[in-house]
Amino acid sequence: MTAIEKFREFWPRDQVFDFLIPDTPPDLDLTHGIILYLEGITVSFGGFKAVNDLNLYIGDGELRCIIGPNGAGKTTIMDIITGKTRPDSGSAWFGQQINLLKMNEPEIARAGIGRKFQKPTVFESHTVHDNLELAMVGNKQVWPTLTARLNTAQQDRIEAVLTTIGLKEKIRARAGSLSHGQKQWLEIGMLLMQRPKLLLVDEPVAGMTQQETERTAELLVSLAGTHSVVVVEHDMDFVRSIARKVTVLHQGSVLAEGRMDEVQNNPAVIEVYLGEAQCSA
Amino acid sequence: MTAFPKILQNDRAGTVLIAVLLLAGVLVPLLNLSTGEASPLHVSTYTMTLLGKYLCYALLAIAVDMAWGYLGILSLGHGAFFALGGYAMGMYLMRQIGTRGVYGHPILPDFMVFLNWKALPWFWHGFNWFGFALLMVILVPGALACIFGWLAFRSRVTGVYLSIMTQALTYALMLAFFRNEMGFGGNNGLTDFKDILGFSLQSDFTRAGLFVASALALAAGYLACRYITGSRLGRLCTAIRDQEDRARFIGYRVEDAKLWIFTFSAILAGIAGALYVPQVGIINPTEFAPLASIEIVIWVAVGGRATLYGAVIGALMINYAKSVLTAAFPDAWLFGLGALFVLVTIFLPDGVAGLLKQTRFFGKRVPS
Amino acid sequence: LLAGTGFAKETIKVGVLHSLSGTMAISETTLKDTMLMLIDEQNKKGGLLGKTLEPVVVDPASNWPLFAEKARELIEKEKVAAVFGCWTSVSRKSVLPVFEELNSLLFYPVQYEGEESSKNVFYTGAAPNQQAIPAVDYLMNNVGVKRWVLAGTDYVYPRTTNKILEAYLKSKGVAAADIMINYTPFGHSDWQSIVSEIKKFGTAGKKTAVVSTINGDANVPFYKELGNQGVTAESIPVVAFSVGEEELSGIDTKPLVGHLAAWNYFMSVDTEINDTFIDNWLAFIKNDKRVTNDPMEAHFIGFNMWVKAVEKAGTTDPTAVQEAIIGITVPNLSGGYSAMMPNHHITKPVLIGEIQDDGQFEIVWRTKGLVVGDAWSDYLQGSKDLISDWRAPLACGNYNVKTGKCSGQQ
Amino acid sequence: MLRVEKLNQYYGESHTLWDVDIDVPQGECTCLMGRNGVGKTTLLGCVMGLLPVRSGCIRLEDTDITHLPADRRARLGVGYVPQGRQIFPLLTVEENLCIGLSTGREKLKRIPDLIFELFPVLDEMRGRLGGDLSGGQQQQLAIGRALVLQPTLLILDEPTEGIQPNIVQEIGEIIRRLCAEMGMTVLLVEQKLHFTRLVADRFTILDRGRVVASERIERLDEEMVQQYLTV
Amino acid sequence: MRLTSGLLRKWIFCAALLAALVGNAATDGVWAGTVDTAAFDEAINLLVKGDFSEKARAVDHLARCGDERAEPILAALLAGDLYYSKIHRHLVVAQENGNGDYAIRNALDNERLEPVKKRKLKKIGINNNLRSALKNALARIRLTHPDAAVRLKAINKMLGTFPPDADGFIKGLLETESDPDVRNGLKSALALTVLQAKDDAGDAAKLSALEQLDGNLHPAVRNALSRLVAGDADTAVRARAAMMLKRIEGRIAFYGFFETFFFGLSLGSVLVLAAIGLAITFGVIGVINMAHGELIMLGAYTTYVLQQMMPGSIGTALLLSVPAAFVVAGVAGIVIERTIIRFLYGRPLETLLATFGLSLILQQAVRSIFSPLNRSVATPAWMSGAIQFNPVLALTTNRVVIFVFALLVFAGLSLLLKKSAIGLQVRAVSQNRAMARAMGVPAARVDALTFGLGSGIAGIAGVALSQLTNVGPNLGQAYIVDSFMVVVFGGVGNLWGTLLGGLTLGVTNKFLEPWTGAVLAKILILVFIILFIQKRPQGLFPQKGRAAG
Ligand SMILES: Nc1ncnc2c1ncn2[C@@H]1O[C@H](COP(=O)(O)OP(=O)(O)OP(=O)(O)O)[C@@H](O)[C@H]1O
Ligand SMILES: Nc1ncnc2c1ncn2[C@@H]1O[C@H](COP(=O)(O)OP(=O)(O)OP(=O)(O)O)[C@@H](O)[C@H]1O
Ligand SMILES: [Mg+2]
Ligand SMILES: [Mg+2]
């Protein structure tokens, strides 16, 4: 090993000198109509392969549902896309130009990927309003953040999102005091504020009532087209109501992919995931 | 000037504090210099110096509150930045002694003469200029915080790990400064200062000047901190404190924000140290002691975290209590101080500031 | 009116500035009690100038800036006539400018590194030439030591003392290879390697001794390690300058028997005045297990000198007392008299004692006469030309005999 | 089995539950319903003893448990599967399960086989840290963990959240089995109507902290759903 | 004046020394075994009445007189047990019997006498010079001791101190000696006398003497060799000596490495002991326990109090202090938990504040109760001294004991936490208090017990530390920073981390120390920790998995 290599090893590989990082990532290049390429991704945790040689392509403006048994690796995939987990091998590209594996979380977020977590995570000690403000798209470097002031357009945008997520009268409430479902909504709201190109939503309707579920479905469907959306959900009614193309994961790789009705009748999918009742429903 | 009211818009306690500071900055020196000792209004030099010292502590406490209260970095090593600022100022003051030292050496400070140093070490050069010393007051703590923070934050050292690392930092510095080979006077530190900018440190006039400087520094420091906490960056800090990961996923480079605020806080601490040294007349490695840094955190906690003015109140209150108790109950004051800490934690979870917030005057309007 | 003026006029305040908490409380609390006892006794004798003495005790809490603050409080706020206090050098350095600014008096009772002379400070403890050099002489001449370990805590007192000793030893023909110098941090507690090194150093076939300027708490683990590694007093004697009766009362002394200490006073000194002092102390502190030590004697001497000087001057005014006190002679506890010299140091005998298993010292050697404390060492480059004499017309603490200048005087 | 009377609960100053009355009959499955934020989780917290109540009374069989600490309630036979799973993240799956052994009503020596039978994943993942499991696996673990206590009253807060459909179905069956075969009483919070209809015997609807309906499940009609469960 | 007195003393000193060693080697009566009772009586007389120099002469007489009563008397004198009884008017050997009186027996005929008050006895004082004379004298007498082990010790002690003309005497001893080790010792002594004899001995004799001494690590041998290398005329002798010296130094270096390693382990074990209680209160329950040091201090004071209560049996008192300190500190911990900490769960940083206040209170309380002075805790005989492996390698007993003790404490603790139900409950409570309660874990009790356990362990650490360092109000503060450092370095919440972390830091420190000095070594260790944490932000043994981040 040369000295330089040794030196590199000492340095965490996911870190780059700050001044070397361009402030804005290269523009999103969507010439092939595909916004996300995951190729040959493998992740293992102490010998256990959570994701196994996975290939997944998400089209521009597509609404894709990912389903699969518990532990199939859905959340792990989102972790990889957003930079939280590094895969052992494989490649992940955002458009033609942006190599996700070379970026850290904030860079990926700035490049235009937003994420909602499986367990709702919001800034508990901030008000609903401040949560949305913080998430708002804009220059997120230190100095601009220091001097940033809300202009009317931005204020209106926050109002609009508040209406969408139905937390208008909770605008001054601490996010920590919201109920589980309300936090889910708030997190979706934060995602909207971020105006990402690609939204990753992990179990958005967990803990929501039927009607709220329907509203979420509407919202996601309306986002599709202008945004690309990847939804992970176990609620089949919900999936059916929004799904165009569905990917089924099993043991870390794709088991089936296709339209909802195709997938639904795929015996393998029924076997590992849906169960008899669902397909008859 | 127009920015002032805006910064303090929602901060009544802060407004009161700034007003009191400005008032004190005028009145105390006035009463000290213009009234005779017999006058009932007279403020003795002892009191003025003491107050000046408290103000420096208050500035230090604000610095810690910035890092801990708002950013969630429990720094158990802020004493190091304070002391470094103090040493930078102390070195300037040492160089001002000139030939008035006991050995009459024109360049070398006394402790170097009698330990047989032949020449001034390189890092002592330049300190005979006040401007350079001031620059170092800001640069040295700032640079140390920057390097330390850069290393720690980018490796995502957080929580108690970070706290203990700051402690290790100040502990290592303490041991280093204790070493006589370091060229900072070892255990005895730097003392026996004569004058600052040509004014004798023993004159009441100079002391009054230092007091005013401390009051102004505290006021400016407070406003700067309030400006930050009132901005979106301030809210980002609290967000980072509570949910670091989430902040990353919505696109903030958490490391950068932490680094800036931490460095800023260290610089404040350094300035506090620089003002402190000429007023107390000594700087010595025990300022680096881990326990000293823990004490700062305690001022903030007693005053109330994440309020800024709480930090000021805490620092003033505890140090005043210490001054009074060490004279009134020299044998038992530790019981009192210890009990105070215990009781405040249990009964005033938000510190004294929490108590204030419950009053009508100060309540509600303070930004969260 | 009568009561008002009468009351205020009746007392003379005496400041006591010793740490009662923090790391130094271990040593300094005793001195506070000593002062209370001395003041109490003086009051029983009728006070001073017809007034009662009133002690003002504060706790600077082993915190050096706090020492300065408290000194100012005592002088400016409490208006004390004199202050008895400090232990560490740094605490003295910290208060020194305050005493000079406000022109008050400090009596400093602890052995120290010298290299200082202030108009306002009276050094009643030993200067290096009143402790270290005689001890080395003893080892060299009476024990036949040829190889030296100078072990100390890394701060000014050991550094200076060792510097002086090194120069002194070399001037006596000791080769550099026969001197080993070692510094450790404050409160050092793991002495294994160092003791083992000392042991190795001592197996070279020449008689070896350790001159210890190890400070405070670090001594206990040091001596314990010496005992366990079998470094006995006959093989490698250790002579200490900071270990007295009080420190020994906290150590299991069995393994230490025979090691040495050099002081100006030992509790075991067999004189009548000492017996009375011990009796008074035990009665005052209400605990017959307590011991007396050298800094207590220094306070005893310093206090009596101050009392005598005030009586001589007829006032407590610091300037008058400063003038009056030079030349004052009072009995010390080892059977002689100590005098305040013009350099604000006092004359003292030097005693060497061997540690006994009851925690006392058996005095094995003493200087024939008294030794005058030197403010400036004759063995240091920078200071051998300096003298200190606070009498008019010189009135200078650091007069350079070569250049004929008194530096530091505006 | 469980009776809640005139229960009032406050978060600081905000009044969350208003005079809530609920009756959970022995051996049946009662489902608590309502929109987000109406106070379902809060009510369960009160029953479990994790939240302090301002006034009112909670009775388990014949004992007044209003003022008993949570751990006593658990030992009296109340098992709790919280919302958000609340697995002990740094204990292994096995250790998560073992906790109930020493604290349950009957001191068991080992984890009952039933649990691994119900949730085979847990057997596979015995040695893995609880925190490493996927969301759904954690949910299964949470249910299994409560069952180790051998409870007489099982409280489930949205147990199907994040669980794959075929297992949801299984969980439904399990709940039925627990009620019918083992005589366990179940108090369930669930949003999914069809699931509720499948497993519950009775339902209670909360609206803004008040009980607005409490009936047998068959009586749950579209109108009620429209009125109380739709935004 | 001073000079002459110094010279005089020096002369006396040398005379005494020489007298003890060589002065009478020629009077071979001693070696022949004749008994000189008159000399004995006169010596006894001198011991009672004489000053130090006369006592030195008395010792010398006793050593030479051949009377078998001499050895116990000299031994008693050395141990400080020899008194003159004012009642009986003769020498007695006295020992305090626990209730203030002294049990005595006649030093001359060993007859037991009635116990007496201390005032009735006059101690026969000795000083350093006398002490070394005594040791040499005893060693010489013991050369003919019936026990071979004693003889071996004696010859090793005397090695290198024989003057060249003592060779006849040594040869005499060799003739009757049968034990091989002692014989070897005697031969080495003889060889040394040959080497010392400058050029009087022939080169051949010297070479064969060197042969005999080969591999002997005794410092006297090393010194003799260095002298030969520096000054002997014969090149063959010089070369041979140089070679031997090099080999010896090599072996010393090897043992030195081993010794340093042991020092490191020992320092590490102290760190581990101090930190391991904190690994529980801080690592497991998450209380930033600034009063940890003071709990250690309580343990140390418990040891002191127990020793005061049982002055006669220090060793037993020490053993008893282990459980006692555990109970005292543990109960203190439980009280602290019940009255303070329990209000602060979920607010870990506030615990810092409250426990800091508490540490101030505890310190001051100890100052008020026990005075600010250090207290003296004695070391029992079975823990003092060293285990001697060879002349250059000896491990101090107390360190060995403490090392083993630390391992035992660690093993016991990790077993408790890993294998018992309570251990599981402790960890569950620390991870999710509410949920643990919902699982039927009595969280309040578990908390109190855990905190008590951590505190109790701190108390036990105090017992160990009382054997190494001072017992005073500042004891705790000296260890608090290091303890936190060790816990964090090892990885919070991981006992193995604490063990390995402590030992690593100890060993690293000790290997650095010879290079850098104690101060710099400590600084380097701190810098090392800071850098290490950059590389592994969760310490040596990080918490694994998703949940940890
Ligand atoms: N850090 C880790 N260490 C060990 N195993 C892990 C780790 N992270 C994830 N796993 C395992 O990887 C597998 C995939 O987990 P993942 O969370 O991606 O599943 P999922 O598809 O999101 O499931 P669910 O629908 O239940 O949320 C699971 O079996 C999980 O136990
Ligand atoms: N810790 C808290 N402090 C203050 N208010 C709270 C707190 N927790 C919950 N609340 C409020 O109490 C109300 C009831 O919350 P709860 O969690 O019981 O709702 P829920 O019915 O379980 O809703 P969901 O279906 O979304 O889980 C909500 O409006 C919520 O905002
Ligand atoms: Mg998932
Ligand atoms: Mg809920």
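These figures come from a predicted structure and were not determined experimentally.
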Given that the side chain runs from C-beta out, which part of E:Ala436 has a heavy atom under 4.5 Å from chain D: side chain, backbone, both or neither? both
Are there residues of residues 265-293 of chain E whose heavy atoms fall under 4.5 Å of chain D's heavy atoms? If so, which? none
About how many Å separate CE of E:Met439 and CD of E:Gln425, when rounded to the nearest 0.5 Å? 10.0 Å
Do D:Gln9 and D:Thr42 have a side chain donor and acceptor closer than 3.5 Å? no
Carboxylate-amine/guanidinium proximity below 4.0 Å for D:Asp64 and D:Arg3: no
D:Arg72 portion near chain E, given a 4.5 angstrom heavy-atom threshold: neither
Side chain proximity check, D:Arg54 to D:His15, heavy atoms < 4.5 angstrom: no
Between D:Thr152 and D:Gly77, is there a donor-acceptor pair closer than 3.5 Å when you use the side chain of the first and the backbone of the second? yes
The residue among E:Arg338, E:Arg342, E:Arg433 that forms side chain to side chain donor-acceptor pair (under 3.5 Å) with E:Asp447 is E:Arg433
Are D:Leu44 and D:Leu50 close enough that some pair of their side-chain heavy atoms sits under 4.5 Å apart? no
Examine whether an atom of D:Ile99 lies under 4.5 Å from a heavy atom of chain E, and if so say whether it belongs to the side chain, the backbone or both; otherwise answer neither. both
Residues at least two apart in sequence or cross-chain that pass side-chain contact (heavy atoms from CB on, under 4.5 Å) with D:Lys6, listed by chain then number, are D:Asp19, D:Asp21
Contacting region of E:Ala421 [heavy-atom separation from chain D under 4.5 Å]: side chain
